[in-house]
Amino acid sequence: EPESPRRRPDRRRTVRGRGYQFPDWAYKTESSPGSRQIQLWHFILELLQKEEFRHVIAWQQGEYGEFVIKDPDEVARLWGRRKCKPQMNYDKLSRALRYYYNKRILHKTKGKRFTYKFNFNKLVMPNYPFINIRSSGKMQTSLGGE
DNA sequence: CACGGAACGG
DNA sequence: CCGTTCCGTG
């Protein structure tokens, strides 16, 4: 990749790749150079990926990218533990999620309690290639194709 | 509960 | 920028 060493303008910039367009946020990794802190949306995907947290947070079958926080207190506790913020709670965590609305990362599923939806409609995230949410709720990632 | 402004800090 | 904290409003 022709990465320029300059700082990114950090707008809603898109990057072209083989016919697809990816938003900037899709490129951010947990361990970026300079060791950037973990992003909340990344942490959410991390939990959704693991079956041991299915009673805490899980994909909603039916709607692609939609997930339900089944135990808000627990998700907040886990997030607080990760960020070393013991006072974290769902009120604060949900404020952070709301900031994602303008960034087009998430939106709220209105009417459904604790239910949000990722905006990866039809877009493929390079860091999570080919995400498939099956009816079982399991998320599969594969590196095939490309 | 959900929303978004405001102040603040790393 | 990316949340964290706090809070008034619906």
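Numbered from 1 within each chain, the chains take letters A, B, ... in sequence-line order. Note that the structure is a prediction, hence the values are computed from the model and not measured.
Thr109(A) pairs by the side-chain hydrogen bond (donor to acceptor under 3.5 Å, both in side chains) definition with Glu66(A), not counting sequence neighbours.
Computed from coordinates, the Ile38(A) CD1 to dG10(B) C1' distance equals 17 Å when rounded to whole Å. With rounding to whole Å, Tyr101(A) atom OH is found 17 Å from dC2(C) atom P. Here dC2(C) presents its C1' atom at 10 Å from CG of Leu40(A), a figure rounded to the nearest Å. Between the P atom of dC3(B) and the CZ atom of Arg113(A) lies a distance of 13 Å, rounded to the nearest Å. As rounded to whole Å, 16 Å separates atom P of dC1(C) from atom CH2 of Trp41(A). Protein atom NZ of Lys112(A) is 13 Å distant from nucleotide atom P of dA2(B), rounded to whole Å. Distance, Phe114(A) CZ to dA2(B) C1': 10 Å, rounded to whole Å. The distance between atom NZ of Lys117(A) and atom P of dA2(B), rounded to the nearest whole Å, is 17 Å.
Between Phe114(A) and Tyr90(A), the distance separating the two ring centers is shorter than 6.0 angstrom.
The side chain of Lys108(A) approaches dC3(B) more closely than any other nucleotide in the set dC1(B), dC3(B), dC2(C).
At the phosphate of dC2(C), OP1 or OP2 sits under 4.0 Å from a side-chain N or O atom of Lys103(A). Taking only side-chain nitrogens and oxygens, Gln39(A) comes nearer than 4.0 Å to OP1 or OP2 of dG3(C).
Relative orientation of the Tyr116(A) and Phe67(A) rings is parallel, given thresholds of 30° and 60° on the angle between their planes. Using bins of under 30°, 30° to 60° and over 60° for the plane-to-plane angle, the ring pair Phe43(A)/Trp79(A) lands in the tilted bin.
With rounding to the nearest 0.5 Å, the separation of CG in Leu93(A) from NZ in Lys85(A) is 13.5 Å. Atom CD1 of residue Ile57(A) and atom CG of residue Leu78(A) lie 9.5 Å apart, to the nearest 0.5 angstrom. Taking NZ of Lys117(A) as the reference point, atom CH2 of Trp59(A) lies at 11.0 Å (rounded to 0.5 Å).
Between Arg77(A) and Glu74(A), at least one side-chain N (NZ, or NE/NH1/NH2) sits under 4.0 Å from a carboxylate O, which counts as a salt bridge. Of the charged side-chain nitrogens involved, none lies within less than 4.0 Å of a carboxylate oxygen, so that Glu63(A) and Lys112(A) do not count as a salt-bridged pair.
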Letter per nucleotide, 5' to 3', of nucleotides 5-10 of chain C [B base touched, S only sugar-phosphate touched, - untouched; heavy atoms, 4.0 Å]: BSB---

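Shown for residues 67-74 of chain A: no residue has heavy atoms falling under 4.0 angstrom of DNA chain B.
Within 4.0 Å (heavy atoms only), Tyr100(A) reaches sugar-phosphate atoms of the nucleic acid but no base atom.
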